[in-house]
**Q** 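The structure follows.
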Amino acid sequence: MKTLPMKRWMTFGWIAALSFTACLQPAMSFAEEYYEVRTIVLGEKGDAAAIDQYLEKALIPALERQNIGPIGVFAPKPGSETEQGSVFVVIPFSKLGQMESSREALAKDDEYQTAAADYLGRDPKSAPYSRISSELLTAMDCWPKTVVPDGTLENDERVYELRLYESSNERLGDLKVEMFNAGEVPIFLDSGIQPIFIGQALIGPQTPSLTYLTVYKDEAARAKAWDAFRAHPDWKVLSKNKRYGGTVSRIDKFVLSAKPYSQM
């Protein structure tokens with residue numbers, strides 16, 4: 001049998017490797033949605049009214065023109081354990097590249113530029129916030145797309161909870177994602193915990209982590225739902241699975257109310 005020269009074997013090897021990588025790429029990058037969770041920290045001199053004006057009249061309408069939405073805007077619920085002073089914005093994207101194209105579209109959107117002029121034209125001494133931090137999430141198999149249940153926006157008593165589960169290393173973070181995908185979400189639903197979105201962090205100040213937003217009829221329903229979750233027989237089994245032991249090193253919990261113009 002005639003053998004191929006070394007150079008031809010090497011060329012064939014590179015082609016095969018590149019072809020294999022190309023075949024894998026869609027599976028590696030596939031997600032039905034991506035989420036930016038933007039936290040606007042007001043600080044001592046923050047102007048919440050200016051931020052509301054910008055989000056309601058400029059940013060959200062501009063994103064709607066780009067077919068991006070629904071957009072969620074939230075603030076800490078008065079009287080809750082969540083510290084006041086921040087605005088939380090949730091923006092879903094259908095693909096990663098949409099984040100970049102959206103920014104470019106805003107720069108070319110005259111209607112947006114006019115509506116945002118007061119907000120964008122402020123000098124450094126009159127900035128409406130102290131800082132903005134964001135995390136970028138990829139949707140998970142257990143909840144691949146944003147869901148806003150029918151009637152949610154008509155209920156003025158509704159309450160939201162935003163949770164971030166941080167893990168001490170990437171292996172444990174992936175195991176916590178696996179735990180959600182393995183059956184945690186059906187227990188949520190059976191207990192009265194309604195997810196809006198669930199995502200694993202790709203980029204953010206607290207990685208590895210996952211973040212999810214849930215909604216409840218009112219504060220009493222939120223408390224009842226979590227009591228039911230903790231007592232659920234399926235959760236008792238899943239939580240004792242040694243494979244998932246120690247997957248969460250820190251939990252950040254925010255009890256929120258929706259802004260009047262929020263689409264979630």
Side-chain angles (χ1 to χ4, degrees), residues 22-39 60 63-64 66-74 88-102 134-153 158 160-167 170-204 206-216 225 229 232 234-235 238 241 243-244 247-248 251-254 256 258 262-264:
C23 291
L24 283 179
Q25 198 63 32
M28 292 170 63
S29 61
F30 175 80
E32 291 197 41
E33 283 188 334
Y34 299 86
Y35 311 103
E36 180 190 357
V37 179
R38 186 180 301 180
T39 303
I60 292 178
L63 293 178
E64 285 184 316
Q66 299 175 31
N67 295 315
I68 295 173
I71 313 298
V73 187
F74 310 92
F88 300 85
V89 184
V90 178
I91 305 174
F93 296 99
S94 60
K95 53 187 178 182
L96 276 175
Q98 195 174 32
M99 291 190 69
E100 183 178 10
S101 62
S102 175
S134 289
E135 65 171 339
L136 174 62
L137 312 167
T138 179
M140 289 162 42
D141 291 344
C142 59
W143 204 260
K145 298 200 75 173
T146 302
V147 174
V148 181
D150 292 343
T152 296
L153 303 185
R158 69 190 189 278
Y160 297 81
E161 194 171 299
L162 183 71
R163 288 199 180 200
L164 184 152
Y165 291 169
E166 189 174 347
S167 301
E170 291 83 351
R171 178 184 66 84
L172 293 171
D174 288 342
L175 280 173
K176 186 58 185 176
V177 170
E178 180 186 298
M179 188 177 184
F180 263 74
N181 291 335
E184 196 159 343
V185 171
I187 305 172
F188 272 14
L189 295 171
D190 199 34
S191 302
I193 299 170
Q194 173 63 55
I196 300 289
F197 77 84
I198 305 174
Q200 183 179 18
L202 295 175
I203 300 172
Q206 294 173 257
T207 57
S209 63
L210 66 83
T211 296
Y212 61 89
L213 179 71
T214 51
V215 65
Y216 311 84
F229 176 81
H232 199 289
D234 291 346
W235 172 245
L238 186 61
N241 187 328
R243 177 173 176 79
Y244 304 126
T247 53
V248 176
I251 297 176
D252 288 348
K253 181 179 75 174
F254 306 93
L256 307 173
S262 177
Q263 299 173 342
M264 290 184 179

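Treat the numbers as computed from the prediction; the structure is a model and nothing was measured. In what follows, residues are counted from 1 in the order of the sequence shown.
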**Q** Could you tell me which residues satisfy ring-ring contact (aromatic ring centres under 6.0 Å, His included) with Tyr212, sequence neighbours excluded, listed by chain and number?
**A** Tyr165, Phe180, Phe188
**Q** Is there a side-chain contact between Asp174 and Ser167, using heavy atoms and a 4.5 Å cut-off?
**A**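 SC-SC contact between Asp174 and Ser167 ruled out.
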**Q** Please report the closest heavy-atom contact between Pro186 and Gly183, naming both atoms and the distance.
**A** CD-O, 3.3 Å
**Q** Who passes salt bridge (Lys or Arg N to Asp or Glu O under 4.0 Å) against Glu178, sequence neighbours left out?
**A** Arg243
**Q** Evaluate the side-chain proximity of Leu153 to Arg158: yes if any heavy-atom separation is below 4.5 Å, no if none is.
**A** yes
**Q** Of Leu162, Leu213, Val89, which meets side-chain contact (heavy atoms from CB on, under 4.5 Å) against Phe74?
**A** Leu213
**Q** Please name all residues satisfying side chain to side chain donor-acceptor pair (under 3.5 Å) with Ser101, sequence neighbours left out, ordered by chain then number.
**A**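 Result, side chain to side chain donor-acceptor pair (under 3.5 Å) vs Ser101: none returned.
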**Q** What residues, two or more places apart in sequence or in another chain, satisfy salt bridge (Lys or Arg N to Asp or Glu O under 4.0 Å) together with Asp252?
**A** Arg250
**Q** So with a 6.0 Å cut-off around CD1 of Ile251, is the heavy-atom count from everything else above 12?
**A** yes
**Q** Tell me whether Ser209 contacts the main-chain N or O of Glu166 through its side chain, where contact means a donor paired with an acceptor under 3.5 Å.
**A**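 Between the backbone of Glu166 and the side chain of Ser209 there is no qualifying donor-acceptor contact (under 3.5 Å).
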**Q** Quick one: does Glu161's side chain get under 4.5 Å of Leu256's, heavy atoms only?
**A**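 No, every pair of side-chain atoms sits at 4.5 Å or beyond.
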**Q** Could you work out, with side chain to side chain donor-acceptor pair (under 3.5 Å) as the rule, every residue matching Thr39, not counting sequence neighbours?
**A** none
**Q** Quick one: do the Gln98 and Ser102 side chains pair a donor with an acceptor below 3.5 Å?
**A**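 Side chains of Gln98 and Ser102: no pair found under 3.5 Å.
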**Q** Run the side chain to side chain contact (heavy atoms under 4.5 Å, CB included) test on Leu202 and Leu96 for me, step by step, so that the C-alpha distance in whole Å, both residues' side-chain angles and the decisive distance to 0.1 Å come before the verdict.
**A** CA-CA 11 Å; Leu202 295 175; Leu96 276 175; 4.3 Å; yes
**Q** Who are the side chain to side chain donor-acceptor pair (under 3.5 Å) partners of Thr211, not counting sequence neighbours?
**A** Glu135
**Q** Can you list everything that forms a side chain to side chain contact (heavy atoms under 4.5 Å, CB included) with Ala225? Sequence neighbours excluded, please.
**A**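 With sequence neighbours excluded, Ala225 shows a side chain to side chain contact (heavy atoms under 4.5 Å, CB included) to Ile193, Tyr216, given in chain and number order.
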**Q** Does the side chain of Thr214 come within less than 4.5 Å of Gln194's, by heavy atoms?
**A**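 Not touching, per the 4.5 Å side-chain cut-off.
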**Q** Write out all pairs satisfying salt bridge (Lys or Arg N to Asp or Glu O under 4.0 Å) with one or both partners inside residues 183-202, taking only residues at least two apart or from two chains.
**A** Lys176-Glu184
**Q** Just to verify, what does Lys253 make a side chain to side chain donor-acceptor pair (under 3.5 Å) with, not counting sequence neighbours?
**A** Glu81
**Q** Determine whether the aromatic ring centres of Phe93 and Tyr34 lie less than 6.0 Å apart.
**A** no
**Q** Taking only residues two or more places apart in sequence, or in another chain, which ones meet Ser134 in a side chain to side chain contact (heavy atoms under 4.5 Å, CB included)?
**A**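 With sequence neighbours excluded, Ser134 shows a side chain to side chain contact (heavy atoms under 4.5 Å, CB included) to Glu36, Arg38, Ile132, given in chain and number order.
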**Q** Only distances under 3.5 Å count here; give the side-chain donor-acceptor pairs of residues 139-149 to other protein atoms, sequence neighbours excluded, each with its distance to 0.1 Å.
**A**
residue	atom	partner	partner atom	Å
Trp143	NE1	Lys145	O	3.4
Trp143	NE1	Ile196	O	3.3
Thr146	OG1	Glu33	OE1	2.9

